[in-house]
Amino acid sequence: MRGHPDLQADFAAGLVSGVVPDGVTAHRPDEAQRRFNVYRNNVGHSLTQALATKFPVIARLVGDAFFAQMARVFADTHRPKTPVLMLWGDAFPDFLATFPPLADFPYMADVARVEVARGVAYHAADAAPMTGSALQALAAAGGDGALVLHPSAQVVVSDHPIVTLWQTHQPGQSPGSIADKAPECALILRDRELDVVVRAIGRGDTAMITALLAQATLIDAAKRAAVAEPGHDPAPLLALLFQAGALITPDHVSE
């Protein structure tokens with residue numbers, strides 16, 4: 001006798017293939033297939049809507065009809081592993097990078113990575129911002145100390161103008177040509193007002209934040225920024241991070 005785990009496995013496979021799993025019956029054979037198809041379509045629609053909610057800019061870039069078909073392909077090969085659908089879809093950027101119909105649009109994957117990062121930032125743990133006196137003390141010590149970033153802080157490195165694409169495909173905005181736009185890396189964080197910010201940053205700022213995320217000291221992070229962008233001045237970035245509350249005191253993170 002087949003157990004419940006076997007039925008679950010067959011049911012999950014049937015949602016992809018359309019084949020009615022063994023054990024699903026009705027008074028008439030064609031009725032079982034019809035009812036299963038209705039359920040299968042409802043699952044597919046729910047997954048498509050969940051993905052569109054998580055990646056609204058990608059949906060606007062490709063159009064609703066194309067996105068729906070693409071989402072079905074993704075969902076068939078990347079089934080949710082949890083009933084909490086907001087946790088599903090982090091593999092979507094890598095999927096877009098290798099999806100043949102988007103081969104001529106290489107920026108799609110990086111824009112999707114911005115959208116994933118925004119979700120991470122929104123749900124990140126709270127943390128107490130560093131005080132001005134603590135930052136001054138670190139600077140007085142020559143930067144030879146830890147400078148911890150808020151758990152929401154992330155960077156997305158790209159060879160495309162991803163922040164411009166993200167910003168111009170917000171509701172009410174008018175998308176324009178990106179042909180003359182330079183590459184942009186994105187800084188994503190949740191600020192003191194609990195708003196998730198997406199900001200274009202240069203290579204020096206990107207290198208500095210990446211180093212700080214890897215627990216480098218302030219002076220080491222500044223050195224890496226100068227290598228990535230000769231003449232880089234860390235002061236504007238530090239001011240931006242401080243004002244946003246994105247510099248925190250070590251161990252001041254709460255769930």
What are the two closest heavy atoms between [X] and [Y], and how far apart are they?
{"X": "Val62", "Y": "Met70", "value": "CG2-CE, 4.2 Å"}
{"X": "Val163", "Y": "Ala186", "value": "CG2-CB, 3.6 Å"}
{"X": "Ala235", "Y": "Asp233", "value": "N-OD1, 3.0 Å"}
{"X": "Ala182", "Y": "Pro161", "value": "O-CB, 3.5 Å"}
{"X": "Ala112", "Y": "Leu96", "value": "CB-CD1, 3.7 Å"}
{"X": "Asp220", "Y": "Ala216", "value": "CB-CB, 4.3 Å"}

Calculate, to the nearest 0.5 Å, the distance between atoms [atom1] and [atom2] belonging to [X] and [Y] respectively.
{"X": "Ser46", "Y": "Leu85", "atom1": "OG", "atom2": "CG", "result": "7.5 Å"}
{"X": "Arg113", "Y": "Tyr107", "atom1": "CZ", "atom2": "OH", "result": "15.0 Å"}
{"X": "His169", "Y": "Thr164", "atom1": "NE2", "atom2": "OG1", "result": "11.0 Å"}
{"X": "Leu147", "Y": "Leu247", "atom1": "CG", "atom2": "CG", "result": "5.0 Å"}
{"X": "Arg118", "Y": "Leu189", "atom1": "CZ", "atom2": "CG", "result": "11.0 Å"}
{"X": "Asp159", "Y": "Asp110", "atom1": "CG", "atom2": "CG", "result": "7.5 Å"}

Salt-bridge test for Lys81 and Asp90: reply yes if a basic N is under 4.0 Å from a carboxylate O, no otherwise.
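Salt bridge flag = no for Asp90 with Lys81.
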Is the CZ atom of Arg60 crowded by more than 12 outside heavy atoms at less than 6.0 Å?
yes
Could you tell me whether Tyr122 atom OH has more than 12 heavy atoms of other residues or ligands within 6.0 Å of it?
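Open: at most 12 neighbouring heavy atoms sit under 6.0 Å from OH of Tyr122.
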Can you check whether [X] reaches [Y] side chain to side chain, under 4.5 Å on heavy atoms?
{"X": "Glu115", "Y": "Pro93", "answer": "no"}
{"X": "Val156", "Y": "Val111", "answer": "no"}
{"X": "Leu237", "Y": "Ile209", "answer": "yes"}
{"X": "Pro234", "Y": "Met208", "answer": "yes"}
{"X": "Leu135", "Y": "Met130", "answer": "yes"}
{"X": "Val196", "Y": "Ser152", "answer": "no"}
{"X": "Val197", "Y": "Leu187", "answer": "no"}
{"X": "Leu240", "Y": "Asp205", "answer": "no"}

Among side-chain atoms of Ser158 and Glu184, is any donor-acceptor pair under 3.5 angstrom?
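Side chains of Ser158 and Glu184: no pair found under 3.5 Å.
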Looking only at side-chain N and O atoms, does His150 offer a donor or acceptor that is under 3.5 Å from a partner on Asp126?
no
Tell me whether [X] contacts the main-chain N or O of [Y] through its side chain, where contact means a donor paired with an acceptor under 3.5 Å.
{"X": "Trp88", "Y": "Leu51", "value": "no"}
{"X": "Gln154", "Y": "Ile188", "value": "no"}
{"X": "Lys54", "Y": "Met86", "value": "yes"}
{"X": "Glu229", "Y": "Gly204", "value": "yes"}
{"X": "Arg72", "Y": "Ala68", "value": "no"}
{"X": "Arg190", "Y": "Ala124", "value": "yes"}

Hey, can you tell me if Phe55 and Phe92 have their rings parallel, tilted or perpendicular (30° and 60° cut-offs)?
tilted
[Y] reachable from [X] in the ILVMFWY side-chain graph, under 4.5 Å edges:
{"X": "Leu238", "Y": "Leu213", "result": "yes"}
{"X": "Val57", "Y": "Phe99", "result": "yes"}
{"X": "Leu87", "Y": "Val116", "result": "no"}
{"X": "Leu212", "Y": "Val227", "result": "no"}

Might you work through the side-chain contact (heavy atoms from CB on, under 4.5 Å) test for Leu149 and Ile248, ending with a clear yes or no?
CA-CA 6 Å; Leu149 297 183; Ile248 66 172; over 6 Å; no
Six-ring centre of Phe242, Arg192 cation under 6.0 angstrom, axis tolerance 45°
yes
Set out, in order, the CA-CA distance, both residues' side-chain angles and the distance that settles side-chain contact (heavy atoms from CB on, under 4.5 Å) for Val155 and Cys185, then state yes or no.
CA-CA 7 Å; Val155 291; Cys185 297; 6.0 Å; no
